[in-house]
Amino acid sequence: MINIRFPDGAVRSYAKGITPMAVAKSIAEGLAKKVIAASVDGVVRDASTPLNKDCELKLLTWDDTDGKATFWHSSAHLLAEAVESTFPGVKFWVGPAIDKGFYYDMDLGGRHISEEELLTLEKKMDELSKKNSEYIRKEISKTDAVAYFSEKGDEYKLDLLSGLQDGEITFYTQGNFTDLCRGPHIPHTGLIKAIKLTSIAGAYWKGDEKNKQLTRIYGVSFPNQKELDDHLLMLEEAKKRDHRKLGKELSIFTFDDDVGPGLPLWMPNGTIVIEELEKLAKETEQSAGYKRVVTPHIAKESMYLTSGHLPYYQDSMYPPMELEGVKYYLKAMNCPHHHKIFSAESRSYKDLPLRLAEYGTCYRYEQSGELFGLMRVRCLHMNDAHIYCAKEDFAKEFRAVNDMYIKYFKIFGIDKYVMRLSLHDPAKLGQKYINEPELWKETEEMVRQVLIDSKIPYVEVPDEGAFYGPKIDVQIWSAIGREFTLATNQVDFAQGRRFGLEYTNRDNQSETPLIIHRAPLGTHERFIGFLLEHYAGKFPLWLAPVQVKVLSISEKFNPYASEVTQALLKAGIRAELDDRGEKIGKKIRDTELLKIPYMFVIGEKEQNEGLVAVRRQGKGDAGQSPISEIITTLTSEIQQRHSN
RNA sequence: GCCGUUGUAGCUCAGUGGUAGAGCACUUCCUUGGUAAGGAAGAGGUCGUGAGUUCAAUUCUCAUCAACGGCUCCA
């Protein structure tokens, strides 16, 4: 007998060799039907794994994250089975579960799969799932495994096998499909009741663009049709919040073929959002001791050679233009320009920390395939600043920057974020990273300490640093679950020296300052893209391009409505008058769709009594109010930058 | 940059080997209406661009540009 402990703490005795599935059956038949896999001492295993010693057991169902992952991984095998039966001779690479679904990478030998064929595969999967084929695990020797895939001529699986040892190789078979796989899998294919193959894409073998490109089929599956329907509905909803769609509907930005890819044109509405954000940044930075600067959009090649950017990033800069025999580059970053401002005057320790801020316009030649709405563009406006400080001030300054991030997050109601501490890889010193092993270690430790001291949640990622120092990236998620790298906060111990930046310390000696690069609001492009999705286009009052729409009930009241509009404009509120000869219902509908926060309805009653009838977007009629009173209310809401 | 898909009016989208349609938006007229679409008329497109096949191309073929879904990349 063995003792099995359950998540609720209960311990029960079972015969040695019992499987999690049998345990589930002993508890309830209904439970057994739902069991997908089992967590045994924290390791996810097949529900058919014999339990031979005391253990902690958690029966996994669709409701568990690990259960879903197993379900989707098994779905990937089902996809492979369908593909193999439809297109014999296909070679498979790997088919993992992902965040929401699964994919399988395969070599179709030059064949293309069309949208219709994708539907055929989907039907085939449905058909195969109904066979209730068990996923059967088999341990196999390396020799036999190699023989099997050699016979099949599958060099991809042979490549996988080359990294495996005897004794750790298992095959899984369901129906007519056998795959090299560590598992675990669900009990049988019949559990996969609703399947949707979502897209076909190319994917480099092993993620390396030098390698051959395989065909990747993405899909998602569920234990019942309703969940699939819900999922598809959710995708539809997500589309409505897509910043590209909202940006067009709300006239925030546009792209034009003649201007060029990745070069957004900010329309009047978008420009208002930009200006409000800049106002916020300027206020915040001014009170934090920053000084504003303005620098040109281009600079000579020599400066980027000095900074060291050119050899590292030339490919992602616009090609140079030549004037009077000298090459000029469009700036892809603001730092070198700021360094030149630092070095323009002799600096004393009394000048430090010197914090130079600029909403700098940068141009980056992103590869064409990378462009994505406002999220990846070639012209961007960075909420940039560089802090020049003595080493002893570093921790304090770095922490103040982090505090500023948090302050902004509160204003925008961003409560889900993770900071990623990106470190260097010692093996790549001198190539990807500046060859200063000691400085790397030292600054990485300083940054880590600040994060620990400030109790900010963070994860460490190796080999992701900037070439001149470690950095912190802030990951946030928009309301539709899209992940953004919003902002970066970087330490730079290299450029100060490269630019010969110096200050005189207390002992009358020259020292090179440390530099902090920071951009809490990232770029206007990415941040406004994020905000559009975050707010679903319903900007809070302070950011709304049009804050109040004044709607006259009939043309008779246009003069008074116009007076109201003027009063609002005079009070600094962005108001517009709708004096069209339309009915009030129509005007309200149009304004609602434009997601304008406030509507003032003006009719006979309002005109006679000097009132406005207030209506809040999405919330309906909010009753009447005297004009002066509502102006006071709105002004205060705007000043406080209320989130919705 | 690579793989795949798409490209028709300002927007959303039908459609056809014989040089084009709808709804919304726009303009004008009628209506002056109290909290999510009143009615009518009109204007608007060399069907992304270039070449080829054809008596004839928006439709078929190729190239190119752009967008989209991924991969790679992201100071």
Side-chain angles (χ1 to χ4, degrees), chain A residues 98 103 105 108 112-115 118 198-218 239 242 244-245 248-249 251 254-262 304 307-310 312-317 331-336 362 364-373 375-377 380 382 384 422 432 464-469 471 473 485 488 490 492 494-495 517 519 526 551-558 580-593 599-606 613-623:
Chain A
I98 49 175
Y103 67 78
D105 280 353
L108 293 166
H112 297 298
I113 289 188
S114 67
E115 301 280 319
L118 204 59
T198 46
S199 66
I200 312 168
Y204 298 110
W205 184 40
K206 296 185 178 178
D208 187 336
E209 65 179 322
K210 289 185 200 77
N211 284 342
K212 182 170 182 179
Q213 200 157 47
L214 305 176
T215 302
R216 174 174 296 181
I217 299 181
Y218 282 92
K239 262 190 206 162
D242 190 302
R244 291 165 296 186
K245 185 170 162 62
K248 192 173 278 180
E249 283 170 4
S251 307
T254 188
F255 289 95
D256 186 282
D257 278 2
D258 258 350
V259 176
Y304 297 111
S307 72
H309 282 102
L310 216 42
Y312 286 89
Y313 299 113
Q314 185 160 32
D315 287 348
S316 39
M317 290 173 79
K331 72 173 169 184
M333 69 299 293
N334 304 302
C335 27
C362 300
R364 295 180 181 181
Y365 184 68
E366 301 283 359
Q367 292 183 56
S368 59
E370 262 82 76
L371 300 175
F372 174 70
M375 299 308 173
R376 284 291 286 279
V377 290
L380 43 101
M382 227 196 303
D384 213 357
S422 300
K432 189 171 170 185
E464 291 273 321
F467 79 89
Y468 45 63
K471 64 174 182 175
D473 287 324
T485 300
T488 69
Q490 302 165 349
D492 180 349
Q495 285 196 58
H517 302 238
R526 194 170 283 190
L551 312 176
S552 56
I553 284 189
S554 86
E555 286 173 359
K556 276 189 285 193
F557 312 109
N558 278 348
R580 294 176 301 164
E582 294 288 352
K583 290 169 88 166
I584 192 65
K586 169 71 168 163
K587 292 186 181 183
I588 286 171
R589 180 182 154 79
D590 289 347
T591 312
E592 286 279 349
L593 291 176
M599 279 159 260
F600 290 176
V601 177
I602 306 290
E604 189 170 9
K605 276 179 280 178
E606 288 74 23
V614 179
R615 185 188 163 99
R616 182 101 216 216
Q617 201 274 342
K619 297 189 179 116
D621 197 345

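In the text below, chain A, chain B and the rest are named by the order of the sequence lines, each starting its count at 1. What you see below is based on every heavy atom in this structure, not just the backbone, and it leaves out hydrogens, waters and symmetry mates.
- Atom P of B:A66 sits at a distance of 34 Å from the matching atom of B:A25, rounded to the whole Å.
- Within the nucleic acid shown, A:Tyr313 comes within 4.0 Å of at least one base atom, counting heavy atoms only.
- Backbone-only engagement by A:Arg244 is indicated by non-hydrogen atom pairs under 4.0 Å involving sugar-phosphate atoms exclusively.
- In this structure, A:Tyr312 and A:Phe467 have parallel ring planes: the angle between them is below the 30° cut-off, well short of the 60° mark.
- Side-chain N/O atoms of A:Tyr204 and base N/O atoms of B:G1 include a donor-acceptor pair closer than 3.5 Å.
- For A:Glu209 and B:C71, a side-chain-to-base donor-acceptor distance below 3.5 Å is absent, hydrogens and geometry of angles not being considered.
- Note: CE (A:Met333) to P (B:A75) measures 10 Å, nearest angstrom.
- Contact of A:Arg364 with B:C73 (side chain to base): no donor-acceptor pair of N or O atoms is detected under 3.5 Å.
- Salt bridge present: A:Asp105 and A:Arg216 bring a charged side-chain N and a carboxylate O closer than 4.0 Å.
- Heavy-atom distances to RNA chain B give each of A:Gly373 and A:Ser368 a nearest nucleotide, and the one nearer the 5′ end belongs to A:Ser368.
- Atom CD of A:Glu604 and atom P of B:U32 are 15 Å apart (whole Å).
- Closest approach to the A:Lys586 side chain among B:G33, B:G34, B:C24 is made by B:C24 (side chain taken as heavy atoms from C-beta onward).
- Here the CG-NZ distance, from A:Leu551 to A:Lys583, works out to 15.5 Å after rounding to the nearest 0.5 Å.
- Between B:G45 and B:U8, the distance separating the two P atoms is 16 Å to the nearest Å.
- Using a 4.0 Å heavy-atom cutoff across all strands shown, A:Leu214 reaches no nucleic acid atom at all.
- In terms of polar N and O atoms assigned as donor or acceptor, the side chain of A:Glu370 never comes within less than 3.5 Å of the base of B:G70 in a complementary pairing.
- With C1' as the reference atom, B:U58 and B:U6 are 16 Å apart, rounded to whole Å.
- The pair A:Glu582-A:Lys587 fails the salt-bridge criterion, with no side-chain N (NZ, NE, NH1 or NH2) lying under 4.0 Å from an Asp/Glu carboxylate O.
- Other residues, nucleotides and ligands place no more than 12 heavy atoms under 6.0 Å from the NZ atom of A:Lys239.
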RNA chain B in dot-bracket form (Watson-Crick or G-U pairs under 3.5 Å, [ ] crossing, | inter-strand) is (((((((..((((....[..)))).(((((.......))))).....(((((..]....))))))))))))....
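- Backbone-only contact: A:Asp257 has heavy atoms under 4.0 Å from sugar-phosphate atoms and none from a base.
- Contact annotation for A:Lys471: backbone-only contact, meaning every heavy-atom pair under 4.0 Å involves sugar-phosphate atoms and none involves a base.
- Using a 4.0 Å heavy-atom criterion, one finds that A:Arg615 contacts the bases of the nucleic acid, with or without backbone contacts as well.
- Comparing A:Tyr365 and A:His309, the nucleotide of RNA chain B nearest to each residue sits closer to the 5' end for A:Tyr365.
- Using a 4.0 Å cut-off between charged side-chain N and carboxylate O, A:Arg244 and A:Asp242 make a salt bridge.
- Nucleic acid contact for A:Gly585: sugar-phosphate only, since backbone atoms but no base atoms lie under 4.0 Å from a heavy atom of the residue.
- Using a 30° and 60° split on the angle between ring planes, A:Tyr468 and A:His517 fall in the parallel class, below 30°.
- Here, B:G17 and B:A56 have their C1' atoms 8 Å apart, quoted to the whole Å.
- Within 4.0 Å (heavy atoms only), A:Ile584 reaches sugar-phosphate atoms of the nucleic acid but no base atom.
- For the P atoms, the distance linking B:U5 with B:A20 amounts to 30 Å, nearest Å.
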| CA sep, side-chain torsions, deciding dist, call: A:Arg580, A:Asp590, salt bridge (Lys or Arg N to Asp or Glu O under 4.0 Å) | CA-CA 12 Å; A:Arg580 294 176 301 164; A:Asp590 289 347; 2.9 Å; yes
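- Taking atom P on both B:A14 and B:U28, the two are 32 Å apart, rounded to the nearest angstrom.
- Taking atom CD of residue A:Glu555 and atom P of nucleotide B:C29, one finds them 10 Å apart after rounding to whole Å.
- Side-chain N/O atoms of A:Thr488 and base N/O atoms of B:A75 include no donor-acceptor pair closer than 3.5 Å.
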